[in-house]
Amino acid sequence: MERKLKEVLCQLPGAVVTGKVNDQVICDLTIDSRTVAPGSLFICLKGVNTDGHKYIGKAVEQGAAAILVEEDVAPVEGTVLIRVPSTNQAMTGLAPWFYDYPARKMRMVGVTGTNGKTTTTNILRTLLTRTGHKVGLIGTINVMIGDDVRKSHNTTPDVVDLQKILYEMVEAHCDTCVMEVSSHALALRRVAGIEYDTAVLTNITQDHLDFHKTMENYREAKALLFTHLHEGVKPNKTAIFNADDPSSALIMPRVKTKIMTYGKGKDNDVYPLTFHVAATHMELNLHTPVGEMDLKLHITGEFNVYNVMGTICAAVAEGLSKDEIIRGLDDFGGVPGRFQLIHAGQPFTVVVDYAHTPDGLENVLKTARQITRGKLWVIFGAGGDRDRTKRPIMGKIALDLADKLIVTSDNPRSEDPEAIIKDIEEGLVDPPADKEIHKISDRREAIEFAMAHARPDDVVMIAGKGHEDYQILKDRTIHFSDAEVVRDYFQKGKTHA
């Protein structure tokens, strides 16, 4: 994408320009000095941990054609400086324009909620792809442009990267984008310039209070996706709500578009007539607006009943037929790290799941309990530099639902792993005599301990990291995959205790 610098300046009224503006062409926007190339416009953002103004010299060395700043900066020979009151605010308007508003050229489906976003978006992508659509996906695990896959760094990228990705989707002839929309992205306006057609709420439970401070603030951030859905020029928009989540009733009265709901009650658009959850699959009979559906799915868990119902609402809103939805659901094989069964030749069941919130941990343990004939193990921790208040809550949930607990590290980041474990221990008071509690801060050791001591008919739930293949420590990030640790343990021929 290319724009003349003079055109860029027209989008920044009142900007103070230093340097000579001729016929320079801007071919890229970036907030990362490491990605600056000749012709880039480097945007200097002030963040919590860094300040882009410190990297102006590097950006100039790498050929930046112009620099967007909000501080007084000494003139740089051969480079145009553009000063605005707020680079962040300027960026939210500039990025969608620069990439020619790509979200206007596709159907945009946004899914938000504490848990279930990844599964819901991946099921919907399968349904749409199965019916001939070319689909882009943006989420926690990866970004997909048709069949092209790349790793994600944030659930929802910053506004510049997001608009660039959407532009690439349009260039690749995608007609639909399905994306996870995080509360951070809504609060920080990363999704500025995107007009959604369909929006889905999975649930709102405790998470990210380190950022939002209160549950009310967290809910209001999520609500932005729905209360602004009617804005813009696209017709036939639909807001979809989980009627069994208390937040839905607080948000729905403020929505000015068509509403669909799903949940247990028969007053919903989609609700279960019957369902049976097994170890490796589940059977559902659902009422839907396009007719009753009998489904046998390759995923399991009551929480996934909700994910499937929300997805069906979105699929109906996007115009899919009953038969198309049923065939697509039959094709869906699950998402890595979401109640993922690990087969390594072990005589017991091992499940890896991304559950890292109280609600997420409770959901997966309740599902695991349904398939456990022996003892239920749980290996879990809590992320460092994140909401500390959920740590003892997660400890109490694990104590209530599991038989054998191993408290370990998740991504400790700058915190001492032992201090995080101590916070979790506050929820482990008065354990019953038949419960076992182990504290093993090294995550690999914790997993190997369970692999050595679990018995046939036991279920070992490894919670918190799911699909992640890294662990963030105080001074470095290392390669780490829960699933790999399990497979390595048995592939190395270690003797089962």
Side-chain angles (χ1 to χ4, degrees), residues 10-13 29 86 88-113 117 120-121 124 135-139 154-167 169-170 174-202 204 212 216-242 245 247-261 269 310 313-319:
C10 289
Q11 301 299 313
L12 301 168
L29 306 181
S86 166
N88 187 64
Q89 187 172 337
M91 175 181 70
T92 59
L94 187 62
W97 167 83
F98 185 86
Y99 291 104
D100 198 24
Y101 300 98
R104 294 177 181 175
K105 301 169 184 176
M106 296 183 286
R107 295 286 298 179
M108 295 295 303
V109 182
V111 180
T112 195
K117 296 187 297 295
T120 300
T121 51
L124 187 56
V135 184
L137 181 141
I138 300 171
N154 291 310
T155 298
T156 311
D158 66 73
V159 66
V160 170
D161 283 345
L162 178 54
Q163 293 295 326
K164 192 182 300 184
I165 290 167
L166 294 174
Y167 171 75
M169 289 180 180
V170 171
C174 291
D175 56 69
T176 307
C177 172
V178 180
M179 64 179 289
E180 298 181 43
V181 185
S182 69
S183 58
H184 288 71
L186 290 160
L188 298 173
R189 301 193 66 225
R190 291 180 192 163
V191 293
I194 296 179
E195 186 180 345
Y196 291 95
D197 298 277
T198 300
V200 182
L201 178 67
T202 59
I204 299 179
H212 295 287
E216 182 180 8
N217 290 345
Y218 180 41
R219 182 179 64 246
E220 287 306 299
K222 297 284 192 190
L224 292 170
L225 181 62
F226 304 92
T227 56
H228 291 276
L229 184 61
H230 65 284
E231 297 172 359
V233 298
K234 289 182 173 182
N236 305 320
K237 298 180 181 182
T238 307
I240 297 166
F241 291 92
N242 174 356
D245 188 281
S247 293
S248 293
L250 298 173
I251 299 171
M252 283 194 290
R254 293 180 275 161
V255 175
K256 298 178 181 178
T257 65
K258 176 186 175 182
I259 290 175
M260 293 179 70
T261 63
D269 295 285
C313 285
V316 171
E318 289 299 305

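Model, not experiment: these values are computed from the prediction.
Taking the side chain as every heavy atom from C-beta outward, I204 and I251 approach each other to under 4.5 Å. Residues M169 and I165 have side chains in contact (heavy-atom distance under 4.5 Å, counting atoms from C-beta outward).
Applying side chain to side chain donor-acceptor pair (under 3.5 Å) to K222 and the options T112, T202, N217 leaves one that passes, T112. Paired with L162 under the rule side chain to side chain contact (heavy atoms under 4.5 Å, CB included), one option of V160, V159, L166 passes, and it is L166.
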| message | Please determine whether side-chain contact (heavy atoms from CB on, under 4.5 Å) holds for the pair T261 and M252, giving the CA-CA distance in whole Å, both sets of side-chain angles, and the decisive distance to 0.1 Å. | response | CA-CA 10 Å; T261 63; M252 283 194 290; 3.9 Å; yes

| request: Start with the C-alpha distance between V178 and R107, add both sets of side-chain angles, then the distance that settles side-chain contact (heavy atoms from CB on, under 4.5 Å), and finish with yes or no. | output: CA-CA 8 Å; V178 180; R107 295 286 298 179; over 6 Å; no

| Chi angles and distances behind the side-chain hydrogen bond (donor to acceptor under 3.5 Å, both in side chains) call for R219, S247 | CA-CA 7 Å; R219 182 179 64 246; S247 293; 4.6 Å; no

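Interatomic distance, S182 OG to L225 CG, rounded to the nearest 0.5 Å: 10.5 Å.
Residues Y196 and V181 come closest through the heavy atom pair OH-CG2, 3.6 Å. The two residues I240 and F226 come nearest to each other via the heavy atoms O-CE2, 4.0 Å. Residue G193 comes nearest to P96 through the heavy atom pair CA-CG, 3.8 Å, listed as atom of the first residue, atom of the second, then distance.
Under a 3.5 Å cut-off, the side chain of T257 and the backbone N or O of H230 do not form any donor-acceptor pair. Using modelled atom types, no side-chain atom of T120 and backbone atom of K117 make a donor-acceptor pair closer than 3.5 Å. The backbone N or O of E231 sits less than 3.5 Å from a side-chain atom of K237, completing a donor-acceptor pair. Looking only at distances, a side-chain donor or acceptor of D197 sits under 3.5 Å from a matching main-chain atom of M108.
Annotation: Q11, atom CD; neighbour count of heavy atoms from other residues, nucleotides and ligands within 6.0 Å is above 12.
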